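Each remark here refers to the structure printed beneath this line.
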Number of protein chains: 2
Amino acid sequence: MKTSDLYTRQADLIKALAHPTRIRIVELLRRGERCVCEIYENLELEQSNVSQHLSLMKKQGILDWRKEGLRVMYRVKYPQVFAILDLAREMLRAEIHSTLGVLNEKTAE
Amino acid sequence: MKTSDLYTRQADLIKALAHPTRIRIVELLRRGERCVCEIYENLELEQSNVSQHLSLMKKQGILDWRKEGLRVMYRVKYPQVFAILDLAREMLRAEIHSTLGVLNEKTAE
DNA sequence: ACAATATATTAGTATATAATAATGTAATAA
DNA sequence: TTATTACATTATTATATACTAATATATTGT
């Protein structure tokens, strides 16, 4: 039996959020649960591609799903997921501002 | 010019934390700044390997550094980095508990 | 100027990830 | 029972990532 260590599990969980498409999916799900078709239509992606990304996140335990007739409805299981995306955005903004800051210094007075 | 879009930048930033070795490095830096040699000795990794991971995180803007003689001291630039690791650990614990929960139900009474 | 030390960079290779296309499966409708 | 719809899975291929080993660079001490 090969139980991956905690750092690896933690990394895999974070990795589940480390893709632009998966971030877009999660942001869509922030507004509530959605079926697969809504997701790929909304984001203009291939059904298969979306399905694979969903299954990856499901595997990492951050998504829940339920069948509703033909549809499969997905939702984000932990609010921490949104919190992580928000924190990343904060840092991104800070980074962008600090590089812009350098530009401003150069063009100032 | 190929300016990567915001979701890609956000994903790259998160990806910088999505590796067991980089998580271990950041956890070490949680206790304060460290030189490269302290890091690779402490974590029993190759200097070159650590250097590459550091440079990746530096590139994503989450690490700061300063030269001190021969040494280069690294530190984490944003507390958000630690917050993200903490949130991921929370979810990991919840996941582990919920799977253990299933086991308990099976062995109960 | 030369040696030693700390770190960075590069090249090479193995492995992982992602996208597309094709096929499979399960639920409902006719 | 057959067709249709929604989704999942698999195979293939391209690209990205990570590790090791080797080499380069920069700083300090002699």
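First the proteins, then the strands, lettered A, B, ... as listed; each starts at 1. Keep in mind it's a predicted model, so treat the numbers as computed, not measured.
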First-last contacting nucleotides on DNA chain D - partner chain A, under 4.0 angstrom, heavy atom
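Listing 5' to 3', DNA chain D meets chain A from D/dT5 to D/dT10.
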Distance-only donor-acceptor check, side chains B/E95 and A/Y78, under 3.5 Å:
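On atom types as modelled, these side chains qualify, holding a pair under 3.5 Å.
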Drop me the distance from A/Y7's OH to B/I25's CD1, to the nearest 0.5 angstrom.
11.5 Å
Distance from B/M91 atom CE to B/I96 atom CD1, nearest 0.5 Å?
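One gets 12.5 Å once the value is rounded to the nearest 0.5 Å.
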What's the CG-C1' distance between B/N49 and C/dA11, to the nearest Å?
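Those two atoms, CG and C1', are 16 Å apart.
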Going by heavy atoms closer than 4.0 Å, what residues in residues 26-47 of chain B are next to DNA chain C?
B/C35, B/V36, B/C37, B/Q47
Which parts of residues 12-22 of chain A get close to DNA chain C, meaning a heavy atom less than 4.0 angstrom away?
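Under 4.0 Å from DNA chain C: A/K15, A/H19, A/R22.
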For residues 18-64 of chain B, which residue pairs pass the ring-ring contact (aromatic ring centres under 6.0 Å, His included) check, not counting sequence neighbours?
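Listed once each, the pairs are B/H19-B/H53.
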Closest approach of [X] to [Y] (non-hydrogen atoms, all atoms of both residues):
| X | Y | answer |
| --- | --- | --- |
| A/L92 | B/Q10 | CD2-N, 3.8 Å |
| A/I14 | B/A88 | CG1-CB, 3.8 Å |
| A/Y74 | A/V36 | CE1-CG2, 3.6 Å |

Applying side chain to side chain donor-acceptor pair (under 3.5 Å), can you list everything that pairs with B/Q47, at least two apart in sequence or on another chain?
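For B/Q47 there are no side chain to side chain donor-acceptor pair (under 3.5 Å) partners, ignoring immediate neighbours.
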State plainly whether the residues [X] and [Y] are in salt-bridge range, i.e. N to O under 4.0 Å.
| X | Y | answer |
| --- | --- | --- |
| B/R71 | B/E68 | no |
| B/D12 | B/R9 | no |
| A/D86 | A/R30 | yes |

Are more than 12 heavy atoms, taken from residues, nucleotides or ligands other than A/R75, located less than 6.0 Å from that residue's CZ atom?
yes
Could you check which residues of residues 51-70 of chain A get a heavy atom under 4.0 Å from DNA chain D? Sort them by number, please.
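A/S51, A/Q52, A/L70, in order of number.
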